[in-house]
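A, B, ... follow the sequence lines: proteins, then strands. Residue 1 opens every chain. Computation of the quantities below employed the complete heavy-atom set of this structure, encompassing side-chain atoms and omitting hydrogens, waters and symmetry-equivalent molecules.
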2 protein chains.
Amino acid sequence: MTGVAVRSTKQRAAIAALLENVDEFRSAQELHDELRRRGEGIGLTTVYRTLQTMAASGLVDSLRTDTGESVYRRCSAHHHHHLVCRGCGTAVEVQGGAAEKWAADVAREHGFTDVTHTIEIFGVCGDCVPADSAG
Amino acid sequence: MTGVAVRSTKQRAAIAALLENVDEFRSAQELHDELRRRGEGIGLTTVYRTLQTMAASGLVDSLRTDTGESVYRRCSAHHHHHLVCRGCGTAVEVQGGAAEKWAADVAREHGFTDVTHTIEIFGVCGDCVPADSAG
DNA sequence: CTCGCTGCAAACCATTTGCACGTGG
DNA sequence: CCACGTGCAAATGGTTTGCAGCGAG
């Protein structure tokens, strides 16, 4: 019944440990780069595969960035969302508030459990408002 | 003063027209496929470039799917969000409700205008709940 | 010992870019 | 006419896969 046993390895531990020190989403390549920087002789492939396994097991949350990269973050982190400006790219961290509750509520209504969500807000900040919008 | 003029072309019109008939996000490749299916002799590159231009102009909303594909949807569409099951992939359409208001509110607080948002909720539906979760 | 984990490099696939011709204005 | 739009094909770049060796149990 033990079924899928996850073998304890040096690499896997290194990734898990690194994730513990990070609160925000990081790309697989950044994680790999950081690991190498720490002297962990780990391969990019292993980072990708381990991250996928962890994500599948619900140990980490993963999502796709605007540039198509997959980013990961440890679960149960006190997360926030981003308000991004289309003009200058400025990203403001915002708290979920009502949205957090709404998401959890909607999920529950549909019988969903183990819920996570992703919210991204895009707009134009006061600094980038076109002064003479042509149309 | 006219500055960036968007030239009217057959291809661009075809893409714009197609987007009018779609309420949900579609990938550039799907759009291209549909266009070819309609007999429009349009290239994939053109679809990509036109979509990018339209997105930059705010004519369409674009975001990245879970598989890394860019998807586009015409603006001002009466949109809904998705509640996706990690187990079977079932996607339930849900209305924004409180979240819509929250997003708009947060954006306004930070002086943002022309706001759009993306909300994705992931979880495990009742059908996919592990019967004997080992943990 | 056996099987999963690891890692290199090639495979993949969506997207982007270079270059030259056609066309809108 | 002149610059932008178009499109083919190659380039790019992040992610995945094949295959052979090592280490955990």
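Straight-line distance from the OH atom of B:Tyr72 to the C1' atom of C:dT15: 9 Å, rounded to whole Å. Remark: P of C:dC5 and CG of A:Leu44 are 18 Å apart, rounded to the nearest angstrom. For the pair B:Tyr48 OH and C:dC13 P, the computed distance is 13 Å after rounding to whole Å. Between A:Arg12 atom CZ and D:dA24 atom C1' the separation is 14 Å, expressed in whole Å. Protein atom CZ of B:Arg7 is 12 Å distant from nucleotide atom P of C:dT23, rounded to whole Å. Protein atom CD of B:Glu69 is 13 Å distant from nucleotide atom C1' of C:dC12, rounded to whole Å. Distance CZ (B:Arg49) to P (C:dA14): 19 Å, rounded to an integer number of Å. Distance NZ (B:Lys10) to C1' (C:dG24): 15 Å, rounded to an integer number of Å.
For C:dG24, neither phosphate oxygen OP1 nor OP2 lies less than 4.0 angstrom from any side-chain nitrogen or oxygen of B:Thr9. For A:Gln52, no side-chain nitrogen or oxygen approaches OP1 or OP2 of D:dT15 to under 4.0 Å. In this model, the phosphate group of D:dG5 is not approached by any side-chain N or O of B:Thr46 to a distance below 4.0 Å at OP1 or OP2. Listed pair B:Gln11 / D:dG7 meets the phosphate criterion, a side-chain N or O lying under 4.0 Å from OP1 or OP2.
Note on ring orientation: taking the six-membered ring where Trp is involved, the planes of B:His81 and A:Trp102 are perpendicular (angle over 60°, cut-offs 30° and 60°).
Checked options A:Ile42, A:Thr50, A:Leu18, A:Val71; the residue passing with A:Leu31 is A:Leu18 (criterion: side-chain contact (heavy atoms from CB on, under 4.5 Å)). For the side-chain contact (heavy atoms from CB on, under 4.5 Å) with B:Arg74, the lone residue among B:Asp61, B:Leu59, B:Asp23 that qualifies is B:Asp23.
B:Thr67 comes within contact range of no nucleotide atom at all, as no heavy-atom separation falls under 4.0 Å. The residue A:Thr45 sits close to a base: some heavy atom pair falls under 4.0 Å. As judged by a 4.0 angstrom heavy-atom cut-off over every strand, B:Gln29 is placed among the base-contacting residues.
Looking at the side chain of A:Ala28, the nearest of the listed nucleotides C:dT6, D:dG25, D:dT15 is D:dT15. Distances from the side chain of B:Thr50 to the nucleotides D:dG7, D:dT6, C:dT15 place D:dT6 closest.
Contact check on B:Arg38 versus B:Glu34 returns a salt bridge, with a Lys/Arg side-chain nitrogen under 4.0 Å from an Asp/Glu carboxylate oxygen.
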Subject >> A:Glu69 vs A:Glu30, side-chain contact (heavy atoms from CB on, under 4.5 Å): CA-CA, chis, key distance, verdict >> reply: CA-CA 11 Å; A:Glu69 290 179 303; A:Glu30 284 184 314; over 6 Å; no
